[in-house]
Amino acid sequence: MLDIQRLREFPDSVKQGMLAKGESDPSVVDKAIEADESWRHAVAELDSKRAEANKQAKEIGQLMAQGKKEEAEAMIAKTGEAKEALKSLEEGISSLKEARDNLLLRIPNVPHESVPVGKTPEDNQPVHHHGDADTDPWRKPHWEIVEEHGWIDFKRGVKVTGAGFPFYVGPIAKLQRALIQYFLDTAADAGFTEIQPPFVVNEDSARGTGQIPDKEDMMYVVPRDEFFAIPTAEVPVTNFHRDEVLSTAELPIKYCAYTPCWRREAGSYGKEVRGLNRLHQFDKVELVYMVKPSDSYEALEELRSYVESLIEALGLSYRTLLMCTADMGFTQSKKYDMEVWSPGQQRWLEVSSCSNFEDFQARRMMIRAKDDDGSIELVHTLNGSGLALPRIVAAIVEQYQQPNGDILVPSVLQSYMRTDSLTAS
RNA sequence: GGAGGGAUGGCAGAGUGGUCGAAUGCGGCGGUCUUGAAAACCGUUGAGGCGCAAGUCUCCGGGGGUUCGAAUCCCUCUCCCUCCGCCA
């Protein structure tokens with residue numbers, strides 16, 4: 001959610017940002033400004049009416065205290081119509097405010113000036129490359145390898161739960177556990193505080209990070225208890241500080257959290273969802289920052305290079321893209337995607353997405369920080385995956401496969417795995 | 001799951017219909033004293049909305065109601081505590 005003040009002062013830049021993001025109708029900005037205008041007028045009117053009523057009530061109280069009962073009764077008799085007026089004003093105001101906020105919620109975050117303006121994924125800017133995107137014809141897609149070995153059981157997953165809920169068996173189960181531990185250990189060394197959040201959240205939290213009202217179809221729901229299965233650790237971890245005033249001195253706050261993630265992914269099909277490409281349940285270590293507004297772009301670069309170092313340590317070929325305006329989400333002001341190379345599929349797979357939200361999330365969640373001088377301002381929030389497991393597993397299986405069918409274990413994982421290769425037994 | 005008791009400012013804790021945005025203590029900040037510190041003393045100290053400002057409105061767990069007037073009365077929800085039951 002953007003600051004209404006910003007809309008009032010710089011409506012054109014907000015509209016430009018919307019157009020750049022590919023929104024077709026920037027008139028919502030004018031509508032929001034108008035709605036705000038009428039809300040403020042109504043509030044002013046209500047406030048002065050209330051001031052009057054408060055004054056009368058006070059006078060009545062004084063008369064009663066002085067024992068001037070008849071005078072008080074006379075005043076009370078006159079309060080009737082003022083009361084009616086207040087009631088209708090109040091009703092009007094809550095619907096005006098709701099209208100304003102609904103409009104405001106439809107306005108996306110404005111892209112940062114450093115974000116390339118674009119219309120398609122081709123306009124995303126590659127900013128970093130590491131390793132080869134090779135084309136060796138003998139390399140198989142990961143799903144062939146893991147099914148041959150019985151390391152991932154997609155069929156039984158379908159039987160027990162449904163498509164997109166595979167079983168990981170033996171070496172791959174172990175590999176995933178090793179990755180989680182490696183990611184958490186590395187994050188701890190880099191100064192992140194580890195958090196184990198709840199895996200289901202209530203409605204307020206889902207609203208806080210913006211999953212509802214817009215994207216509720218992405219989440220699995222526990223109907224009886226009105227919980228939502230988290231689609232990412234971002235939801236519980238960012239909501240950790242919802243409605244809080246932090247101290248500026250404790251910023252930056254850096255959290256890492258491992259959680260499973262559940263996504264309904266309605267409408268996905270074909271090669272997009274083959275193997276580990278897109279699952280309904282997957283594991284991820286998420287990184288969340290809360291920083292001073294002045295530091296957020298520096299923090300984004302730090303987050304980006306941290307995630308890059310993770311992928312590099314795994315010895316995987318990958319690239320980093322600076323996402324163009326059209327390929328950014330609703331809430332982001334700047335975003336980098338990291339994509340690993342899948343030699344078996346001859347395509348790039350997104351494994352991390354590092355974003356700065358500026359104060360867009362913080363405003364909706366009311367996460368603020370108080371400075372030594374007593375001033376309070378919204379924090380800036382950022383997050384990034386560090387990393388999402390399935391596609392990393394896919395890339396390891398494909399990039400580390402040997403002509404004889406063995407999969408070598410990346411050196412940083414060997415101590416966790418207690419082996420240097422996954423072999424067909 | 002059953003019975004009872006609670007929820008007030010950073011914390012503790014008063015307040016059962018009017019002058020209460022709220023006593024008091026602790027903590028925080030500023031000052032006096034001191035070579036410095038502690039102690040003592042004095043002052044100050046919640047958040048948010050609207051407004052150029054003066055000012056004004058809202059907030060005592062959330063929502064709704066009664067009343068001219070609600071922290072205070074009523075309804076409801078949530079959470080916490082105590083006892084019983086169940087339980088990895």
Side-chain angles (χ1 to χ4, degrees), chain A residues 1-9 32-105 196-208 212 222-228 236 239-251 253 293 359 361-379:
Chain A
M1 190 166 148
L2 286 174
D3 187 2
I4 183 68
Q5 201 66 32
R6 181 168 176 181
L7 302 204
R8 285 163 68 188
E9 282 175 37
I33 293 170
E34 250 170 67
D36 178 60
E37 192 87 9
S38 22
W39 171 76
R40 282 184 298 129
H41 273 120
V43 165
E45 193 183 346
L46 175 70
D47 280 0
S48 69
K49 285 250 159 67
R50 274 220 266 244
E52 215 171 294
N54 286 346
K55 204 173 135 203
Q56 282 185 342
K58 232 164 222 184
E59 282 170 22
I60 292 168
Q62 276 164 358
L63 290 173
M64 298 287 257
Q66 292 162 15
K68 298 178 181 167
K69 202 151 185 198
E70 321 76 55
E71 286 178 51
E73 299 285 353
M75 278 195 81
I76 289 171
K78 287 191 296 184
T79 56
E81 73 268 23
K83 224 186 156 185
E84 287 300 309
L86 277 179
K87 194 153 201 171
S88 71
L89 269 172
E90 274 164 12
E91 278 162 14
I93 275 169
S94 60
S95 67
L96 283 173
K97 177 140 208 252
E98 204 182 315
R100 184 196 79 162
D101 288 345
N102 284 339
L103 290 164
L104 220 43
L105 286 172
Q196 270 189 13
F199 297 164
V200 292
V201 296
N202 60 28
E203 197 180 320
D204 285 343
S205 297
R207 188 173 294 109
I212 48 177
V222 184
R224 181 169 174 171
D225 298 292
E226 295 177 324
F227 291 148
F228 298 88
N239 273 285
F240 188 59
H241 289 301
R242 170 157 51 87
D243 296 323
E244 288 184 18
V245 179
L246 308 165
S247 145
T248 302
E250 61 186 316
L251 302 180
I253 289 173
D359 62 13
Q361 284 186 328
R363 176 166 300 104
R364 186 192 276 232
M365 264 186 283
M366 287 302 277
I367 303 175
R368 293 162 296 168
K370 188 176 198 166
D371 213 336
D372 287 340
D373 63 11
S375 63
I376 291 179
E377 61 181 349
L378 294 163
V379 301

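The sequence lines fix the lettering, A, B, ..., with proteins before strands; numbering per chain opens at 1.
- The residue among A/Ile376 and A/Gln56 whose nearest nucleotide of RNA chain B is located toward the 5' end is A/Ile376.
- Nucleotides B/G9 and B/A47 place their C1' atoms 10 Å apart, quoted to the nearest Å.
- Nucleotides of RNA chain B lying under 4.0 Å from heavy atoms of chain A occupy a range whose first and last members, 5' to 3', are B/G18 to B/G69.
- Look at A/Arg40 and A/Glu37 and you find a salt bridge, because one of the NZ, NE, NH1 or NH2 atoms lies within 4.0 Å of a carboxylate O, short of that distance.
- With P as the reference atom, B/A23 and B/G46 are 10 Å apart, rounded to whole Å.
- When both distances must be under 3.5 Å, the Watson-Crick or G-U wobble mate of B/G48 is B/C57.
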Kindly determine whether A/Arg242 and A/Asp204 satisfy side-chain contact (heavy atoms from CB on, under 4.5 Å), including the steps that lead there. CA-CA 10 Å; A/Arg242 170 157 51 87; A/Asp204 285 343; 3.6 Å; yes
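- Here salt bridge (Lys or Arg N to Asp or Glu O under 4.0 Å) pairs that include residues 88-103 of chain A, with residues two or more places apart or in two chains, are A/Asp36-A/Arg100, A/Arg50-A/Glu90.
- Rounded to a whole angstrom, the distance from the C1' atom of B/G6 to that of B/A71 is 15 Å.
- When both distances must be under 3.5 Å, the Watson-Crick or G-U wobble mate of B/C83 is B/G2.
- Across the interface with RNA chain B, nearest-nucleotide mapping of A/Met64 and A/Leu46 shows A/Met64 to be the residue nearer the 5′ end.
- Pair assignment for B/A40: B/U32, on the basis of Watson-Crick or G-U wobble contacts that are both within less than 3.5 Å.
- On the C1' atoms, B/C87 is 44 Å away from B/A22, given to the nearest whole Å.
- Under the 4.5 Å side-chain criterion, counting only non-hydrogen atoms from C-beta, A/Leu7 is in contact with A/Leu2.
- No engagement by A/Met75 is indicated, since no non-hydrogen atom pair under 4.0 Å with the nucleic acid exists.
- When heavy atoms are screened at a 4.0 angstrom cut-off, A/Arg8 is found touching the sugar-phosphate backbone but no base atom.
- Pairing of B/A22, defined by two Watson-Crick or G-U wobble distances under 3.5 Å, is not identified with any nucleotide.
- Only the C1' atoms considered, B/C84 is 37 Å distant from B/U66, to the nearest whole Å.
- In this entry B/U78 has B/A7 as its Watson-Crick or G-U wobble partner, both defining distances falling under 3.5 Å.
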Start with the C-alpha distance between A/Arg364 and A/Arg207, add both sets of side-chain angles, then the distance that settles side-chain contact (heavy atoms from CB on, under 4.5 Å), and finish with yes or no. CA-CA 9 Å; A/Arg364 186 192 276 232; A/Arg207 188 173 294 109; 4.2 Å; yes
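- Taking atom C1' in both B/G61 and B/C57, the straight-line distance is 22 Å, to the nearest Å.
- No engagement by A/Lys97 is indicated, since no non-hydrogen atom pair under 4.0 Å with the nucleic acid exists.
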Could you go through the side-chain contact (heavy atoms from CB on, under 4.5 Å) check for A/Ile367 and A/Leu378 one step at a time? CA-CA 6 Å; A/Ile367 303 175; A/Leu378 294 163; over 6 Å; no
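- Between the A/Thr248 side chain and the A/Lys370 main chain, a donor and an acceptor come within less than 3.5 Å of each other.
- Taking atom C1' in both B/C41 and B/G49, one finds a spacing of 39 Å when rounded to whole Å.
- Comparing B/G63 with B/G85, their C1' atoms are spaced 32 Å from each other, to the whole Å.
- More than 12 heavy-atom neighbours from other residues, nucleotides or ligands sit within 6.0 angstrom of CD on A/Glu59.
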